[in-house]
Amino acid sequence: QLQASGGGLVQPGGSLRLSCALSGRTFSNYATAWFRQNPGKEREFLAAINWNGGMTYYGDSVKGRFTISRDNAKNTVYLQMSSLKPEDTAVYYCASDGYSESYYPDRLFSTKYRYWGQGTQVTVSS
């Protein structure tokens, strides 16, 4: 089970940290990713991290502004977001799966993860 949290209303240029709590499975051995989606649009890949944090990948729209990290002792993956823009407004989802690293990075960019959190709303507005 994945539980995303930390969303809210933030002003442009501000920061926010999302958390994805992983429970009920050996998610500490799985890659985890963050996506976002707006109504009527496809789910967009933002960032992914492998099981031990040694490999990270970012989508072009967030590279340099967002940072993904994980704390396996707390079974949590984080998405630190900075320099937020109004176009970052969306519902943010975390996802996880036990992909073999031989499939990186293409499989990480896909929405075919088996396990998803429920989503947390992020609104960037003044």
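- A donor-acceptor contact shorter than 3.5 Å is absent between the side chain of Asn29 and the backbone of Gly98.
- Within the 4.5 Å cutoff, side-chain heavy atoms of Met81 are placed close to those of Val122.
- Atom CD of Glu42 has 12 or fewer neighbouring heavy atoms from other residues, nucleotides or ligands inside a 6.0 Å radius.
- Shown here for Val77 and Ile68, the closest heavy-atom pair between the two residues is CG1-CG1, 4.0 Å.
- The shortest side-chain heavy-atom distance between Asp106 and Tyr99 does not fall under the 4.5 Å cut-off.
- Between the OH atom in Tyr103 and the CG atom in Asp97 there is a gap of 12.0 Å [rounded to 0.5 Å].
- At least one side-chain heavy atom of Cys20 sits under 4.5 Å from a side-chain heavy atom of Trp34.
- The backbone N or O of Val124 lies less than 3.5 Å from no partner atom in the side chain of Gln11, so there is not a single donor-acceptor pair.
- Side-chain N or O atoms of Tyr113 include one that pairs as donor or acceptor with a backbone N or O of Leu108 at under 3.5 Å.
- Atom-to-atom distance recorded for Phe35:CZ and Phe45:CZ is 6.0 Å, nearest 0.5 angstrom.
- Remark: the Thr123 side chain and the Ser125 side chain contain no N/O donor-acceptor pair separated by less than 3.5 Å.
- Leu2 is listed as a side-chain neighbour of Ser96, based on a closest heavy-atom distance under 4.5 Å.
- No chain of hydrophobic side-chain contacts below 4.5 Å, direct or via other Ile, Leu, Val, Met, Phe, Trp or Tyr residues, connects Tyr78 to Phe27.
- Put simply, the side chain of Asn50 gets close to the backbone of Gly53: a donor and an acceptor are under 3.5 Å apart.
- No donor-acceptor pair closer than 3.5 Å links the side chain of Ser110 to the backbone N or O of Arg107.
- Taking NZ of Lys74 as the start and OG of Ser28 as the end, the distance is 15.5 Å to the nearest 0.5 Å.
- The heavy-atom pair separating Thr76 from Ser19 by the smallest distance is CG2-CB, 4.1 Å.
- Taking 4.5 Å as the limit, some side-chain heavy atom of Thr120 sits within range of a side-chain heavy atom of Leu18.
- Separating the CD atom in Gln80 from the OG1 atom in Thr67 is a distance of 7.0 Å, to the nearest 0.5 Å.
- In this structure, Glu87 and Pro12 have side chains that are not in contact, with every pair of non-hydrogen atoms separated by 4.5 Å or more.
- For the pair Tyr92/Leu46, a side-chain contact is recorded, criterion being any heavy-atom separation below 4.5 Å from C-beta on.
- Between Tyr57 and Phe109, the ring-plane angle classifies as perpendicular under the 30° and 60° cut-offs.
- Closest heavy-atom contact between Arg65 and Asp88: NH1-OD2, 2.8 Å.
- The CZ atom of Arg36 lies 11.5 Å from the CD atom of Gln121; values are rounded to the nearest 0.5 Å.
- For the residue pair Glu44 and Ser61, a side-chain donor N or O sits within less than 3.5 Å of a side-chain acceptor on the partner.
- Side-chain heavy atoms closer than 4.5 Å link hydrophobic residues (I, L, V, M, F, W, Y) into clusters, and following such links, even through other members, never connects Tyr104 to Tyr115.
- Annotation: side chain of Trp51 is not in contact with side chain of Tyr30 (no heavy-atom distance under 4.5 Å).
- No chain of hydrophobic side-chain contacts below 4.5 Å, direct or via other Ile, Leu, Val, Met, Phe, Trp or Tyr residues, connects Tyr93 to Val62.
- Atom-to-atom distance recorded for Arg70:CZ and Asn52:CG is 8.0 Å, nearest 0.5 angstrom.
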- Message: Before you tell me yes or no, could you show the steps for Ser15 and Ser82 under side chain to side chain donor-acceptor pair (under 3.5 Å), namely the whole-Å CA-CA distance, both residues' side-chain angles and the distance that decides it to 0.1 Å?
- Response: CA-CA 4 Å; Ser15 299; Ser82 60; 4.9 Å; no
